[in-house]
2 protein chains.
Amino acid sequence: MAARTNETETLLTPAEVAEMFRVDPKTVTRWAKAGKLTSIRTLGGHRRYREAEVRALLTAVPAPREAE
Amino acid sequence: MAARTNETETLLTPAEVAEMFRVDPKTVTRWAKAGKLTSIRTLGGHRRYREAEVRALLTAVPAPREAE
DNA sequence: TGCTAGTAGGGTAATTAGGGAT
DNA sequence: CGTGTCCTAATTACCCTACTAG
């Protein structure tokens, strides 16, 4: 599917991302400051995050078979 | 609030899982490393665990019988 | 304009990862 | 073989005040 523009680009607040990762909102801010997360700044200086990127990073290892 | 998390997936910290199992957090880490537990890593490298999976493992033994 | 909740920022304590030894 | 404890380094959580979002 061709990637549609960015009309449906959902932005998440620090609190939303923190809930998804089970961390403190300050930690999410720290990730953005470290360049680990794409942060979109509002005109007032607050950060917003891309839902698609967050969900991609939230992908876990679905129970690996076994390790030696 | 605009965005709503589609999957309200609750994650647990190593200390929480350790408390539920009455083991050391280090042991929980070993379980994750052995692939016995699904681990979701934060961007800082810390592990988070699925509450549903942990609770399923906690109620997985109705004590059938004790012999031998 | 004023209001409430959330966020930024800095600083400090607690938790976690990783390896190693018992 | 699995678990609990030791260590160091890194990450995260909670404290505060001021400003922004809606």
Side-chain angles (χ1 to χ4, degrees):
Chain A
M1 307 46 158
R4 209 154 275 261
T5 34
N6 44 15
E7 299 290 336
T8 54
E9 181 68 289
T10 306
L11 296 180
L12 300 176
T13 61
E16 293 264 309
V17 181
E19 291 272 329
M20 297 173 72
F21 275 97
R22 192 60 176 98
V23 294
D24 199 86
K26 290 302 183 60
T27 302
V28 181
T29 300
R30 204 173 293 112
W31 293 345
K33 192 155 40 177
K36 298 176 181 176
L37 254 180
T38 303
S39 58
I40 301 175
R41 312 278 294 211
T42 64
L43 299 184
H46 286 199
R47 296 187 183 86
R48 291 290 119 91
Y49 306 96
R50 295 176 177 273
E51 184 186 34
E53 184 178 5
V54 173
R55 296 178 93 97
L57 290 172
L58 204 48
T59 306
V61 185
R65 271 312 157 188
E66 85 286 344
E68 286 93 284
Chain B
M1 297 350 188
R4 48 93 166 101
T5 28
N6 194 5
E7 322 167 13
T8 315
E9 201 165 29
T10 307
L11 299 178
L12 299 176
T13 62
E16 297 243 297
V17 181
E19 190 77 14
M20 296 171 73
F21 276 100
R22 279 297 174 199
V23 294
D24 200 85
K26 217 67 171 194
T27 302
V28 181
T29 300
R30 291 196 184 106
W31 294 345
K33 192 156 43 177
K36 299 177 181 177
L37 257 178
T38 303
S39 59
I40 298 176
R41 313 276 292 210
T42 64
L43 298 188
H46 285 204
R47 295 187 183 87
R48 293 285 117 97
Y49 306 96
R50 299 175 182 274
E51 184 188 35
E53 185 178 2
V54 173
R55 284 202 285 188
L57 291 172
L58 279 172
T59 60
V61 50
R65 181 154 40 100
E66 289 243 354
E68 290 111 277

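Every chain is numbered from 1, with letters handed out A, B, ... down the list of sequences.
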Between [N] and [X], is there an OP1 or OP2 to side-chain N/O distance shorter than 4.0 Å?
X	N	result
B:Thr13	C:dT15	no
B:Thr27	D:dT3	no
A:Trp31	D:dT11	no

Minimal non-hydrogen separation, [X] against [Y], with atom names:
X	Y	result
A:Leu57	A:Lys36	CD1-O, 4.3 Å
B:Leu12	B:Glu51	CD1-CA, 3.7 Å
B:Ala18	B:Asp24	CB-C, 3.9 Å
A:Tyr49	A:Val54	CB-CG2, 4.2 Å

Just how far, in rounded Å, is [atom2] of [N] from [atom1] of [X]?
X	N	atom1	atom2	result
B:Phe21	D:dT3	CZ	P	11 Å
A:Glu19	D:dA13	CD	P	12 Å
A:Leu37	D:dT11	CG	C1'	15 Å
A:Leu11	D:dT20	CG	C1'	17 Å
A:Lys36	D:dT12	NZ	C1'	11 Å
B:Glu16	D:dT12	CD	C1'	14 Å
A:Leu43	D:dC19	CG	P	18 Å

What side-chain donor-acceptor pairs closer than 3.5 Å can you find for residues 40-47 of chain A, not counting sequence neighbours?
residue	atom	partner	partner atom	Å
A:Arg41	NE	A:Gly45	O	3.3
A:Arg41	NH2	A:Gly45	O	3.2
A:Thr42	OG1	A:Gly44	N	3.4
A:Thr42	OG1	A:Gly45	N	3.4
A:Thr42	OG1	A:His46	N	3.0
A:Thr42	OG1	A:His46	O	3.2

CE (A:Met20) and OG1 (B:Thr10) are apart, to the nearest 0.5 Å, by 12.5 Å

Within the sub-3.5 Å range, which N or O atoms of nucleotides 18-22 of chain C have a protein N or O partner, and how far apart are they?
residue	atom	partner	partner atom	Å
C:dG18	OP1	B:Arg41	NH2	3.1
C:dG18	OP2	B:Arg47	NH1	3.4
C:dG18	OP2	B:Arg47	NH2	2.6
C:dG18	N7	B:Lys26	NZ	2.4
C:dG18	O6	B:Lys26	NZ	2.4

Is any side-chain heavy atom of B:Phe21 less than 4.5 Å from a side-chain heavy atom of B:Thr27? no

- Take B:Glu19 and B:Arg22, measure what salt bridge (Lys or Arg N to Asp or Glu O under 4.0 Å) needs, and give me the verdict at the end. CA-CA 5 Å; B:Glu19 190 77 14; B:Arg22 279 297 174 199; 3.5 Å; yes

message: Can you give me the bend angle of the helix from C:dC3-D:dG22 to C:dG19-D:dC6? Use the axis through the first five pairs and the one through the last five, nearest 10 degrees.
response: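 Overall, the helix from C:dC3-D:dG22 to C:dG19-D:dC6 bends by 60° from one end axis to the other.
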
Note: for A:Arg48 and B:Thr42 on DNA chain D, the residue whose nearest nucleotide lies more 5' is B:Thr42

Of the candidates D:dG4, C:dT7, C:dT15, the side chain of B:Asp24 sits closest to D:dG4

Checklist entry - Under the 3.5 angstrom rule, does the side chain of A:Arg48 hit a backbone N or O of A:Leu11 as a donor-acceptor pair? => result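 Pair absent, no side-chain N/O of A:Arg48 close to backbone of A:Leu11.
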
Comparing nearest nucleotides in DNA chain C, the 5'-proximal residue of the pair B:His46, A:Pro25 is A:Pro25

